[in-house]
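Written below as structure tokens is the structure these notes are about.
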Amino acid sequence: MNDVPLLSTVERAYEEIRRQILSGELPEGAPIRQDDVAAKIGVSKIPVREALMRLQSEGWVTLKRNAGAFVTPLTASDCVEMLDLRIALECRALEIAVPNMAPSDLALAEHLLKRYEKADTPQSWSELNLAFHQALYAPANRPRLVATAQAAQERMGRFLRAHLLAVNDHQRSYDEHVAIHQACTAGDTKTAVRLLRKHLEQTQREVMAYFRLTGKTYA
């Protein structure tokens, strides 16, 4: 019985810190003030420390002895590897999903595409991009596969929001999403997967070019 409140407060602290990282409120390399988090959600520092340990295990946070907690920066190799992971997982998810897509699945993805086209901030682009991809993969009925892909998407989303104008063309991304959706609507699994792979590989090339041109390593 005594464990229930502790678990609840740990989860609240975890979600709050993760929200701040994903939204960019806590940028790469920023210190995470345990006192501030604890005060904001009305808990002690103990569940905040537990939450930080969990976030460290997931790669979001780095804990340094006598220095505290920091948002883990992404290196060039981190970004490239996460996109390798996305290519493998998402292409497989879409391959399984297309034959199982119902009209309602396609309608949801189309609705998200229309919102994505009209969105005008990096935050909304990122959120709608993630939602569109998740809508396409949901019919695969592979929750662990999709959840693993989503974790990589979220990590990359943080980077792309911070550097979006340098590494991503919103119109090109929208056009590629439309082509993928059209292939899914036609039930053409092979074409849909080929277009998705091309879409993700292009993002990977742009990210690599960003690091090369800026000389940033985030090491």
Side-chain angles (χ1 to χ4, degrees), residues 14 17-19 21-24 26-29 53-62 70-98 100 109 112 116 122-123 125-164 166-170 172-173 176-177 179-181 183-184 189-212 214 216-219:
Y14 170 86
I17 299 168
R18 191 170 181 274
R19 181 197 67 76
I21 294 172
L22 285 172
S23 69
L26 283 172
E28 295 175 346
M53 291 174 63
R54 177 177 169 187
L55 288 161
Q56 178 178 237
S57 72
E58 296 175 356
W60 293 101
V61 167
T62 299
F70 300 83
V71 179
T72 303
L74 291 175
T75 65
S77 60
D78 288 334
C79 291
V80 171
E81 188 171 13
M82 275 188 285
L83 279 160
D84 280 337
L85 186 64
R86 285 192 59 186
I87 290 166
L89 295 177
E90 293 180 44
C91 286
R92 177 55 178 160
L94 188 62
E95 181 181 34
I96 300 170
V98 173
N100 297 323
L112 292 166
Y116 180 83
Q123 180 70 31
W125 291 341
S126 180
E127 291 173 353
L128 289 166
N129 176 69
L130 177 59
F132 171 73
H133 281 271
Q134 292 302 304
L136 291 184
Y137 309 148
N141 195 29
R142 296 292 195 279
R144 285 184 288 273
L145 173 65
V146 173
T148 304
Q150 183 175 349
Q153 289 170 330
E154 289 174 338
R155 292 291 303 279
M156 284 304 303
R158 173 168 63 105
F159 172 86
L160 292 174
R161 276 196 302 277
H163 313 288
L164 191 64
V167 302
N168 193 265
D169 181 334
H170 179 246
R172 176 191 62 77
S173 182
E176 291 175 358
H177 285 161
I180 294 167
H181 183 266
C184 292
T189 302
K190 184 176 180 179
T191 297
V193 172
R194 177 178 60 79
L195 291 172
L196 175 62
R197 177 179 293 276
K198 182 179 178 182
H199 171 67
L200 294 172
E201 288 177 344
Q202 177 62 27
T203 299
Q204 188 177 55
R205 284 192 292 271
E206 290 176 346
V207 168
M208 292 169 68
Y210 168 80
F211 279 107
R212 188 170 59 251
T214 62
K216 293 184 178 181
T217 62
Y218 293 104

If you define the side chain from C-beta out and look only at heavy atoms, does anything of Glu95 sit under 4.5 Å from Cys91? no
Tell me whether Gln204 contacts the main-chain N or O of Val80 through its side chain, where contact means a donor paired with an acceptor under 3.5 Å. yes
CZ-CG distance between Arg144 and Leu89, expressed to the nearest 0.5 angstrom: 13.5 Å
Which heavy atom of Leu136 sits nearest to which heavy atom of Cys184, and what is that distance? CD2-SG, 4.3 Å
Could I get the full list of side chain to side chain contact (heavy atoms under 4.5 Å, CB included) partners for Ala131, not counting sequence neighbours? Leu112
Counting N and O atoms only, with roles assigned by atom type, does the side chain of Asp78 sit under 3.5 Å from a partner on the main chain of Thr75, one being a donor and the other an acceptor? yes
Looking at Glu81, I'd like to know if its CD atom is crowded, meaning that more than 12 non-hydrogen atoms belonging to other residues, nucleotides or ligands lie closer than 6.0 Å. no
Flag the pair Met156 / Gln153 as yes when at least one side-chain heavy-atom distance between them is below 4.5 Å, and no otherwise. no
Is the backbone N or O of Thr62 less than 3.5 Å from a side-chain atom of Thr72, with the two atoms forming a donor-acceptor pair by type? yes
Residue Arg18 excluded, over 12 heavy atoms near CZ under 6.0 Å: yes
Contacts of Ala152 that satisfy side chain to side chain contact (heavy atoms under 4.5 Å, CB included) - sequence neighbours left out: Leu85, Arg86
Does some side-chain heavy atom of Val71 sit less than 4.5 Å from a side-chain heavy atom of Val61? no
Say you draw a straight line from CD1 of Ile180 to OG1 of Thr191; how long is it, rounded to the nearest 0.5 Å? 11.5 Å
Which distance, rounded to the nearest 0.5 Å, do you find between the CZ of Arg205 and the CG of Leu200? 10.5 Å
Does the pair Glu176 and Gln202 meet the rule for a side-chain hydrogen bond (donor to acceptor under 3.5 Å, both in side chains), with working shown? CA-CA 10 Å; Glu176 291 175 358; Gln202 177 62 27; over 6 Å; no
Do you know the tightest heavy-atom contact between Leu195 and Ala179? CD1-O, 3.6 Å
Check whether Arg92 reaches the backbone of Glu90 with its side chain - one donor and one acceptor, N or O, closer than 3.5 Å. no
With distance as the sole criterion, is a donor-acceptor pair present between the side chains of Tyr116 and Glu127 under 3.5 Å? no
Compare all side-chain heavy atoms of Pro139 with those of Ile96 and state whether any distance is below 4.5 angstrom. no
To the nearest 0.5 Å, tell me how far Leu130 CG sits from Glu154 CD. 6.0 Å
Atom CG in Leu94, atom CZ in Arg197: separation rounded to 0.5 Å? 11.0 Å
Just to verify, what does Arg155 make a salt bridge (charged side-chain N to carboxylate O under 4.0 Å, His left out) with, not counting sequence neighbours? none
Would you say the side chain of Leu196 lies within less than 4.5 Å of the side chain of Tyr137, judging by non-hydrogen atoms? yes
Yes or no on side-chain contact (heavy atoms from CB on, under 4.5 Å) for Met53 and Tyr14, after CA distance, side-chain angles and deciding distance? CA-CA 9 Å; Met53 291 174 63; Tyr14 170 86; over 6 Å; no
Closest contact, heavy atoms only, Pro73 versus Glu28: CA-CB, 4.2 Å
Classify the ring geometry between His133 and His199 as parallel (under 30°), tilted (30 to 60°) or perpendicular (over 60°). parallel
